[in-house]
Amino acid sequence: MRFDVRRRLDASAERALHALSGTAIVTVPDLSQADLMSAVTTPWVGFSDSSAKQTFGRQLAAARAAAKKYANASAAARDGYVLTSYFIPNFGTHWINWSLVKQPFDPARPAMLLYDGDGTNAHLVGLSYYQWSPDAPPAGFAGANDRWHRHFDTCYGGGFLVGENLLEPACLKTCEAWASNTIHAPVATQKEIPALQRYFKAHPQPARSQSFCTFVPAGDIWMLHLWVAAGHANPEGLFSTFNPKVAKCEGLCRTT
């Protein structure tokens with residue numbers, strides 16, 4: 001997908017995104033398996049008491065209702081979600097409502113939605129709870145089956161993901177490269193890498209400030225996938241990180 005240097009978030013979304021920004025990189029001494037996104041499948045843990053099971057049932061019903069509500073990306077767009085990533089196999093495209101990231105956990109209001117394409121005709125494949133929680137993973141769903149993970153040092157241009165695990169100066173430099181309109185490759189593909197390297201070599205000076213560029217350390221932002229979209233049940237389980245059935249982009253899917 002081409003990076004659109006003209007794209008801007010609306011004022012409220014931009015404020016919400018910038019509220020998550022920072023300059024210091026995140027270093028975590030003991031990354032969990034979940035943080036490394038390698039805990040694809042783990043055994044389902046039963047409920048310790050009937051109350052917890054009933055609570056989970058109500059939460060899951062609310063999540064399924066949200067999946068039905070946002071079955072099409074056009075519904076997400078109407079409610080303030082914006083396309084944030086290209087299509088990624090096993091995940092889909094990511095649409096985020098930035099104003100929900102710092103809100104309390106609510107199974108009916110996931111901050112992120114996963115679709116099978118990048119157009120408003122795309123279909124929902126899963127929910128993703130993208131939740132600010134400074135000291136520990138969010139309480140989330142009742143029981144011990146929701147497994148949260150994090151993404152660190154992410155870089156956004158106009159609210160669109162242009163890189164992960166970047167130092168803040170590298171984030172600004174990447175945004176500068178795209179803003180120059182000299183990079184002619186889909187974002188976050190192998191084709192992009194040599195193009196960026198050539199730009200960095202030809203422009204070794206520190207990056208100029210880019211007003212549309214946002215660096216998010218994200219050590220206090222957690223993510224949880226829930227695969228309840230109709231027709232996209234995950235054979236690995238409700239809360240598994242990857243969904244092998246989300247294999248190819250279906251809706252619009254711009255690649256150049």
Side-chain angles (χ1 to χ4, degrees), residues 20 26 28-71 76 81 84-85 87-97 100-116 123-152 154 164 218-247:
L20 303 170
V26 171
V28 180
D30 297 308
L31 287 173
S32 70
Q33 287 296 97
D35 279 327
L36 296 174
M37 296 184 70
S38 58
V40 180
T41 308
T42 53
W44 184 264
V45 179
F47 294 92
S48 58
D49 57 68
S50 59
S51 176
K53 187 174 182 179
Q54 290 171 0
T55 298
F56 176 76
R58 289 192 295 271
Q59 292 174 322
L60 187 59
R64 291 189 188 280
K68 185 175 181 180
K69 178 180 180 180
Y70 295 115
Y81 291 84
T84 306
S85 84
F87 180 86
I88 307 171
N90 301 313
F91 302 100
T93 60
H94 297 57
W95 292 62
I96 296 180
N97 184 328
L100 296 179
V101 177
K102 279 198 168 185
Q103 296 300 312
F105 172 77
D106 181 348
R109 302 179 75 206
M112 184 184 293
L113 302 169
L114 305 175
Y115 286 91
D116 65 3
H123 302 97
L124 188 78
V125 297
L127 307 179
S128 190
Y129 296 87
Y130 195 44
Q131 188 82 40
W132 182 79
S133 181
D135 300 316
F141 287 83
N145 292 294
D146 55 346
R147 300 169 187 95
W148 298 78
H149 64 274
R150 290 173 287 183
H151 293 259
F152 300 101
T154 50
E164 276 189 343
D220 52 7
I221 306 176
W222 300 79
M223 187 181 294
L224 172 71
H225 299 156
L226 177 61
W227 306 99
V228 293
H232 295 281
N234 189 345
E236 305 292 346
L238 274 177
F239 292 112
S240 292
T241 304
F242 306 95
N243 188 340
K245 285 193 170 183
V246 182

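Just so it is clear, the structure is predicted and the values come from calculations on it, not from any experiment.
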side-chain hydrogen bond (donor to acceptor under 3.5 Å, both in side chains) involving Glu164 - partner list, sequence neighbours excluded: His151
side-chain hydrogen bond (donor to acceptor under 3.5 Å, both in side chains) partners for Asn97, two or more places apart: Ser99
With Asp135 via side chain to side chain contact (heavy atoms under 4.5 Å, CB included) - residues at least two apart: none
From CD (Gln131) to CH2 (Trp222), nearest 0.5 Å: 12.0 Å
Contacts of type side-chain hydrogen bond (donor to acceptor under 3.5 Å, both in side chains), residue Trp227, not counting sequence neighbours: none
Sequence neighbours excluded - salt bridge (charged side-chain N to carboxylate O under 4.0 Å, His left out) pairs with any residue from residues 52-70: Lys69-Asp79
Separation between CZ of Phe239 and CG of Leu226, rounded to the nearest 0.5 Å: 5.0 Å
Student check: side-chain heavy atoms of Asp116 and Val246 closer than 4.5 Å: no
Heavy-atom pair of closest approach, residues Ala142 and Ala52: CB-O, 3.5 Å
Test side chain to side chain contact (heavy atoms under 4.5 Å, CB included) applied to Pro89 - qualifying residues, sequence neighbours left out: Phe87
Residues that Ala76 engages under side chain to side chain contact (heavy atoms under 4.5 Å, CB included), provided they are two or more places apart: Tyr70, Tyr81, Leu113, Tyr115
All side chain to side chain contact (heavy atoms under 4.5 Å, CB included) counterparts of Ala144, not counting sequence neighbours: Val45
Any residue meeting ring pair (Phe, Tyr, Trp, His ring centres under 6.0 Å) with Phe105, in chain and number order, not counting sequence neighbours: Tyr129, Phe141
Atom of Pro244, atom of Asn90 and distance for their closest heavy-atom approach: CA-OD1, 3.5 Å
Asn234 side chain vs Phe242 backbone, donor-acceptor pair below 3.5 Å: yes
Exercise: identify the closest heavy-atom pair between Arg150 and Ile221: CG-O, 3.2 Å
Phe91 CZ to Leu114 CG distance, which is reported to the nearest 0.5 Å: 9.0 Å
Heavy-atom closest pair, residues Ala66 and Ala108: CB-O, 3.6 Å
For Asn243 against His232, the heavy-atom pair lying closest together: ND2-O, 3.3 Å
His225 side chain to Ser128 backbone, donor-acceptor under 3.5 Å: no
Heavy-atom side-chain proximity of Val101 to Leu20 below 4.5 angstrom: yes
Reported OG1-to-CG distance for the pair Thr55 and Leu60, which is rounded to 0.5 angstrom: 12.5 Å
Closest approach of Pro235 to Ala233 (non-hydrogen atoms, all atoms of both residues): CD-O, 3.5 Å
Distance, nearest 0.5 Å, that separates CE of Met112 from CH2 of Trp95: 13.0 Å
Nearest-0.5 Å distance that lies between atom CZ in Phe56 and atom CG in Asp146: 8.0 Å
Backbone of Pro107 reached by a side-chain donor or acceptor of Arg109 within 3.5 Å: no
